[in-house]
Amino acid sequence: MENSSGARVTCLILRILTFVFLFISFFVLVTTSQTVESVKFHFNNFHTYRYVLATIIIGIVFNLLQIAFSLFNIVKGATGTILFDFFGDKFLSYLLATGTAAGFGLSVDLQTLDPDDYFGTFFDKAYAASALLLFAFFCSAAVSIISSFALSKRP
């Protein structure tokens with residue numbers, strides 16, 4: 001990251017926030033299911049929600065790796081792996097953006113098939129998981145912008 005310790009700490013805080021949003025989104029999505037009149041909807045019945053889950057899991061793993069590198073760089077006072085941070089942050093933010101869009105898109109499409117709102121709780125949980133994923137994307141995008149500035153200041 002950038003040489004200033006303020007930018008490093010800010011990135012670390014944003015990465016921790018991203019992890020928290022992803023972690024909560026994971027549990028909300030995994031518990032998304034509902035049964036109405038012997039018809040059971042579970043999130044894994046839909047490929048799109050499985051994709052959302054995959055983006056969350058990849059995001060959690062990659063974000064933990066980034067948090068570990070950030071902590072190491074803050075403790076050691078090193079400049080870190082600027083290119084890895086730059087490309088990793090871009091990759092993670094794009095991945096989270098596509099997962100968010102897929103989750104919201106499928107929820108909207110499925111909800112139009114349920115005019116009587118029998119599966120309202122299912123869709124509420126799906127929207128909540130997608131909203132938390134959106135907040136994780138915002139934090140990741142902010143880190144991505146900071147890592148872009150750090151790369152531009154590289155000698």
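Panel note: side chain N73, backbone F69; a donor-acceptor pair is recorded below 3.5 Å. Side chain of R8 to backbone of I74: no donor-acceptor contact under 3.5 angstrom is found. Using modelled atom types, no side-chain atom of S144 and backbone atom of S140 make a donor-acceptor pair closer than 3.5 Å. Side chain of T55 to main chain of L96: no donor-acceptor pair is present (N/O by atom type, distance under 3.5 Å, no hydrogens or angles).
Ring pair F62/F91 is perpendicular by interplanar angle, where above 60° counts as perpendicular and below 30° as parallel.
Annotation for F23: atom CZ does not count as buried by contact number, only 12 or fewer foreign heavy atoms lying within 6.0 Å.
The distance from the CG atom of N44 to the OG atom of S33 is 9.0 Å, given to the nearest 0.5 Å. Considering OG of S147 and CG of L14, their distance stands at 11.0 Å, rounded to 0.5 Å. Between atom OG1 of residue T35 and atom CZ of residue F41 there is a gap of 10.5 Å, rounded to the nearest 0.5 Å. Put simply, NZ on K125 and OG1 on T31 are 4.0 Å apart, with the number rounded to the nearest 0.5 Å. Between the CD1 atom of I16 and the SG atom of C11 there is a distance of 11.5 Å, given to the nearest 0.5 Å.
In summary, the aromatic rings of F138 and F21 are positioned with their centroids too far apart to meet the 6.0 Å limit.
When all heavy atoms are compared, the tightest approach of Q111 to D117 is NE2-OD1, 4.5 Å. Summarising the geometry of T100 relative to L134, their closest heavy-atom pair is OG1-N, 3.5 Å, with the distance given to 0.1 Å. The minimum heavy-atom distance linking Q66 with F84 is given by the pair OE1-CE2, 3.1 Å. Summarising the geometry of G99 relative to L133, their closest heavy-atom pair is C-CD2, 3.5 Å, with the distance given to 0.1 Å. Across every non-hydrogen atom of L22 and I56, the tightest pair is O-CG2, 3.5 Å. The minimum heavy-atom distance linking F137 with S93 is given by the pair CD1-O, 3.2 Å.
Using a 4.0 Å cut-off between charged side-chain N and carboxylate O, R15 and D89 make a salt bridge.
Grouping the Ile, Leu, Val, Met, Phe, Trp and Tyr side chains by contacts below 4.5 angstrom, directly or via other members, places L12 apart from V75. Hydrophobic clustering places I60 together with Y49 (ILVMFWY residues linked when any side-chain heavy atoms are closer than 4.5 Å, directly or through intermediates). Y94 is not connected to F135 by any chain of hydrophobic side-chain contacts under 4.5 Å among Ile, Leu, Val, Met, Phe, Trp and Tyr, and they are in different clusters. Cluster annotation: V108 is connected to V28 through the hydrophobic network of ILVMFWY side chains, with a link wherever side-chain heavy atoms come within less than 4.5 Å. Two different hydrophobic clusters hold I58 and L53 under the rule that ILVMFWY side chains link at heavy-atom gaps under 4.5 Å.
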- Working for ring-ring contact (aromatic ring centres under 6.0 Å, His included), residues F122 and F43: CA-CA 9 Å; F122 179 85; F43 84 95; 8.8 Å; no
- Item | Audit row: D114, F123, side-chain contact (heavy atoms from CB on, under 4.5 Å) steps and yes/no | CA-CA 10 Å; D114 184 27; F123 296 123; 3.8 Å; yes
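Judged purely by distance below 3.5 Å, without hydrogens or angles, the side chains of E37 and Y118 never pair a donor atom with an acceptor atom. At a cut-off of 3.5 Å, with distance as the only test, a side-chain donor of K90 or S148 sits close to an acceptor on the other residue.
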